[in-house]
Amino acid sequence: MPGPAQHARGRTPARAPARIPARRRLGDVLAGLGALALLLALVGGVPYALLVFVGPPIGPELLDLDLLTARVGPSTITALLVLFVWLAWLQLFACVVVEVYAGVRRVGMPARVPLSGGTQVLANKLVTAALVLFTTGAAVAPIARLAGPPPTIPPVTAVAFTAPVVEQQVVDNQRTKKVYVVQPPHGRHHESLWEIAEKCLGDGRRYPEIFRLNQHKEQPDGARLRMADLIRPGWVLDMPDDARNTHLVPANQARAQTLKEHPGPPKKDRPADVDQRQGEQGKGGQGKSEQGKGEQGKGDQRSGDQRERGSGDQRQGDRGSGDRTGADQHGDQNGNGHGDQQAGGSALLDVLSGASLAAAGLLALLAVRRREQLWRRLTGHRVARPQGDAADAEVALRLGADKPGARILDLGLRLLGAELGARGRTPPTVYAAHLSARSLDLWVHPPDEHPPAPWTADDGGQVWRLAAQEGRLLDDQRGGAPYPGLVSIGTDRSGRVLVDLEAAQGLINIRGPQTTAALAALAVELATNRWSDRMRVTLVGFGEELTAIAPDRVRAVGGLAEVLPELEAGASPRREVLTGRINGRPGVAHYLLSAVAPTHDEARRLALLARNDSAGYVVAGDVPHATWTWEITEDGLARLPELGFEVRAQLLPRRHYRALVDLFRTAGRVDGERIPGPEPLTDLRQPAVEIRILGPVEVVGPRPLEEGRMALAAELLVYLATHPGGVHPVVLGGVLWPRGVQPMVRDATIARVVAWLGPEHLREDESGRLSLGPGVRTDWALFRELVRRSHGDQLARTVLLEKALGLVRGPLLTGRPPGRYAWLAADALEYDVVAEVADAARRLCEIRLAEGEPDAAIAAVRAALLLAGDDESLWRDLLRAAHATGDLARLRAVIEWLTRRAAGGLAPETEALIDELLPSWRVHLVRESTA
């Protein structure tokens, strides 16, 4: 059976990064000598040979004026060939000159010689190898291995401009190097290599130099720099010799020690003579020097903290209630607080946003928990909201969730099963799937060239394909889920790769240094995916906390002996299970994920069980009877040689799934938080600029903005409007671009919005904070002011409340583009709006019912349900108001609407109220469903 990798489109095999030893070996010296000899031969020997044997570049044949009109003979062709050879040598000579200049002067990326791609690559490699000879000042040092200490000389770094980086050899413990410590994020924006190069090297385009100096080197948190756009706070970056605004440390100092001594930002523009004096300090004074530098680092951090207090005050103003998110905590930490917090928001963002299908399932399940949380919300309170890592986790989930992809998987597979069942066909074995923006591909066995429409066959029937445009048109399917064991193992260049744990029909052996993180990722996606019905996931030896996410699906046990008898008693043949799933008898899909290596007897029993059962078994350790072997490499690759896969693994480290667990535990809390009162408004007249967020996002007042820029500008204004204390541009950049942004892009966006809105409406204070002027107002601020005034004016309270509810046009920020406004997950705004709109409607409903006007009460509740539809206290008010009209048909219509909307079930208080108002409602619903 051919592997899926043979059919994947656009795949290239991944190569492990080359590791370059830190010390020069004999082979390095010989290679350098050979490269130097070859360079001399090419640069000097080739022209000498050409002059001696074939003559100058332009021979007498080419100087003949009759050349263009006379017949071309052999001598003319020979002269042309000689000219071409000379031109090729000249091109090589130019490439060597460019590469030598770039390597010796360390100017960054070498200039590109036109039309010299392959030639310049050859010159680059030869020059790089030759320069290795001079990195320590003595080419024979690796051979002689002199016992005495080498002379103190200025460090020389040879920079290679190809993928491998030539590291500087450490020849003296007293030598120093320049380093930069990546600082904690402001908001959720962390530094980029471009910004560091711009700050320390004077030109952001020199960031490749920093990347090559640090590529594949282990950082204090155990990670390594593999992509230029992925750096983390707390990383210690080696810097070029001409860098400024850096720390000077011993060349052989461990990165963890550097981070401990220099947690704060570097000193600005330190004079070169200070660096020189520190570099010349003797070993005897090193301890004192290092202590001084440590104290200076603390001083730097204290000054950084003082600077951060301004933005910290701003951020407290940003949140209105004074609550602090995980991003705020980064700004307040002291010099010793760089542990887990440094890998906080950015690390969570990198990992969780990449698990796109799991993120979609987690958000759907979280929405159900939040709705249940609203059942117990008290008037004047918002539900408990996540903080710290949990809030960062939800931001990452919102950014990365692939809801369209999860929907296509769900509906496409259910439609496939239903169509096959209607034709009496047994579903084929799907051993892998590939989900991309273009299509959903299934690798099936045995091959079949006749899948049901809209699926099509490819590659001789080995691949069944559902085009993305067809998948988006699918309606909800009532059919069973035929392949609940499909789960992501990682991503390739074009999309997400999934395997069916059941298709192995045997044990799947998982091994490697990140086994538990891979198993946790499998567990979370299995427990939350849409393309399954009834499921049970058994975790062995890990993940007890994960039961908080889906307690009805996940259980954790300590060892295999606890579950083996149960599994052996419930084994079911795969063909029967597949047929039952598409014919309405789904059964319970079961998957066992074990981080504990089985004993010999347990492995034998599991192997026999897996061959005769439809369940999926993934077991850690070296299992001799495994059908598939799944290896997770140290650098995060997932390899399944039996299927031909090598992908970037989907992992969920312990810190990350703890953040998810905390997020779901917060969603289960019954205690709420009192909502702080609003700032009074003195002017209720129509403002010059109105930002409407209680429904579709609208900015009313200024002239239209050019197409394509409105969504970002609107989000910028919404954030500023809902954080009236002012926002620093760096914080704003982290909010609008959570994955990072170049300062020039951020500043250009802000300048564009200022020019569009007018400087009187978007202002900057002396500290650099941005805020909106008094001529800008949101409909949310007006809503809160009207409700506030209704409490003090008994005569006009109904008018004020009706006017406030009239501002509600739909859910908060309806129609916002996917991936935008993810900051709402860590902000109080979303929680406050839902709670206050529901409270205002409930109050108006009670007033209208007391006045004997049930129709007006219904109108008030329906207005709030446009935005706060998950708050069942509103539903109960609607039921009471409908009952007060005396129209049973109207009451039945409301009950039918509620039961259809509450697919996950009604709150017990709601069901009890319906039983009281209309005892026969259940019988009526049964008749409707059977009809």
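Starting from 1, each residue takes its place in the sequence as its number.
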Open item on the list: So, taking the atom named CZ in F645 and the one named CH2 in W628, what distance separates them when rounded to the nearest 0.5 Å?
Closed with: 9.0 Å
Open item on the list: As an exercise, state the distance from CD1 of I632 to CD1 of I510, rounded to the nearest 0.5 Å.
Closed with: 4.5 Å
TODO: Please check if atom CD in E544 has more than 12 non-hydrogen atoms from other residues, nucleotides or ligands closer than 6.0 Å.
DONE: no
TODO: Starting at CG of L435, measure out to CG of L357 and round the result to the nearest 0.5 Å.
DONE: 6.0 Å
TODO: Check L652 against A521 and note the closest heavy-atom contact, atom names and distance.
DONE: CB-N, 3.7 Å
TODO: Identify, with sequence neighbours excluded, every residue that meets side chain to side chain donor-acceptor pair (under 3.5 Å) alongside Y821.
DONE: none
Task: From I549, D389, D392, L397, residue fulfilling side-chain contact (heavy atoms from CB on, under 4.5 Å) relative to L663 - done: L397
Task: Qualifying residues under side chain to side chain donor-acceptor pair (under 3.5 Å), relative to N509, sequence neighbours excluded - done: none
Task: Stepwise side chain to side chain contact (heavy atoms under 4.5 Å, CB included) check, D476 with R407 - done: CA-CA 9 Å; D476 289 345; R407 183 178 184 274; 4.3 Å; yes
Task: Whether S439 side chain and D441 backbone form a donor-acceptor pair below 3.5 Å - done: no
Open item on the list: Quick one, V623 and L606 - any side-chain contact, counting heavy atoms below 4.5 Å?
Closed with: no
Task: Closest approach of L651 to V351 (non-hydrogen atoms, all atoms of both residues) - done: O-CG1, 3.3 Å
Open item on the list: I'd like to know if the side chain of Q219 reaches the main chain of G234, judged simply by a donor and an acceptor atom lying under 3.5 Å from each other, with no hydrogens or angles considered.
Closed with: no
Open item on the list: Has W531 got a side-chain atom pairing as donor or acceptor with L413's backbone, closer than 3.5 angstrom?
Closed with: no
Task: Pairs touching residues 525-539 that satisfy salt bridge (charged side-chain N to carboxylate O under 4.0 Å, His left out), sequence neighbours left out - done: D410-R530, R414-D533, R536-E566
- [ ] Working to the nearest 0.5 Å, report the span between CD of Q469 and CZ of R438.
- [x] 10.0 Å
Task: Nearest-0.5 Å distance that lies between atom CD1 in I408 and atom NZ in K403 - done: 15.0 Å
Open item on the list: Any carboxylate oxygen within less than 4.0 angstrom of a Lys/Arg side-chain nitrogen, looking at E631 and R511?
Closed with: no
Task: Check: L411 and L415 side chains under 4.5 Å, non-hydrogen atoms - done: no
Task: Side-chain touch T515/F542, heavy atoms, less than 4.5 angstrom - done: no
- [ ] Please lay out, stage by stage, how R605 and L560 fare under the test side chain to side chain contact (heavy atoms under 4.5 Å, CB included).
- [x] CA-CA 11 Å; R605 292 169 65 185; L560 289 166; over 6 Å; no
Task: Heavy-atom side-chain proximity of T491 to V647 below 4.5 angstrom - done: no
Task: L712/L736 under side chain to side chain contact (heavy atoms under 4.5 Å, CB included): CA gap, chis, key distance, verdict - done: CA-CA 8 Å; L712 181 59; L736 299 180; 4.2 Å; yes
Open item on the list: Between N529 and V487, is there a side-chain heavy-atom distance shorter than 4.5 Å?
Closed with: no
Task: Shortest non-hydrogen contact between T538 and V563, atoms and distance - done: CG2-CG1, 4.0 Å
Open item on the list: Can you confirm whether L660 sits close enough to L352 that some side-chain heavy atom of one is under 4.5 Å from a side-chain heavy atom of the other?
Closed with: yes
Task: Side-chain heavy atoms of L225 within contact of K217, under 4.5 Å - done: no
Task: Pair Y591-E502, side-chain donor/acceptor within less than 3.5 Å - done: yes
Open item on the list: Could you work out, with side-chain contact (heavy atoms from CB on, under 4.5 Å) as the rule, every residue matching E470, not counting sequence neighbours?
Closed with: P454, L466, A467
Task: Which atom of T528 lies closest to which atom of A358, heavy atoms considered - done: OG1-O, 4.0 Å
- [ ] With sequence neighbours excluded, tell me which residues meet side-chain contact (heavy atoms from CB on, under 4.5 Å) with A667.
- [x] L366, R369, R370, Q373
Task: Residues which pass side-chain contact (heavy atoms from CB on, under 4.5 Å) with P818, listed by chain and number, not counting sequence neighbours - done: none
Open item on the list: Quick check: closest heavy atoms across R496 and L498, and the distance to 0.1 Å?
Closed with: O-CD1, 3.9 Å
Task: Min side-chain heavy-atom separation V499-W443 under 4.5 Å - done: no
TODO: List the steps, then state whether side chain to side chain contact (heavy atoms under 4.5 Å, CB included) holds for E602 with V619.
DONE: CA-CA 11 Å; E602 290 171 342; V619 183; over 6 Å; no
Open item on the list: Strictly distance-based, threshold 3.5 Å: is any side-chain N or O of W464 a donor or acceptor partner for the main-chain N or O of D448?
Closed with: yes
Task: Carboxylate-amine/guanidinium contact R654 E545, below 4.0 Å - done: yes
- [ ] To the nearest 0.5 Å, tell me how far D662 CG sits from T666 OG1.
- [x] 4.5 Å
Task: Closest non-hydrogen atom pair, P428 against L420 - done: CD-CD1, 3.9 Å
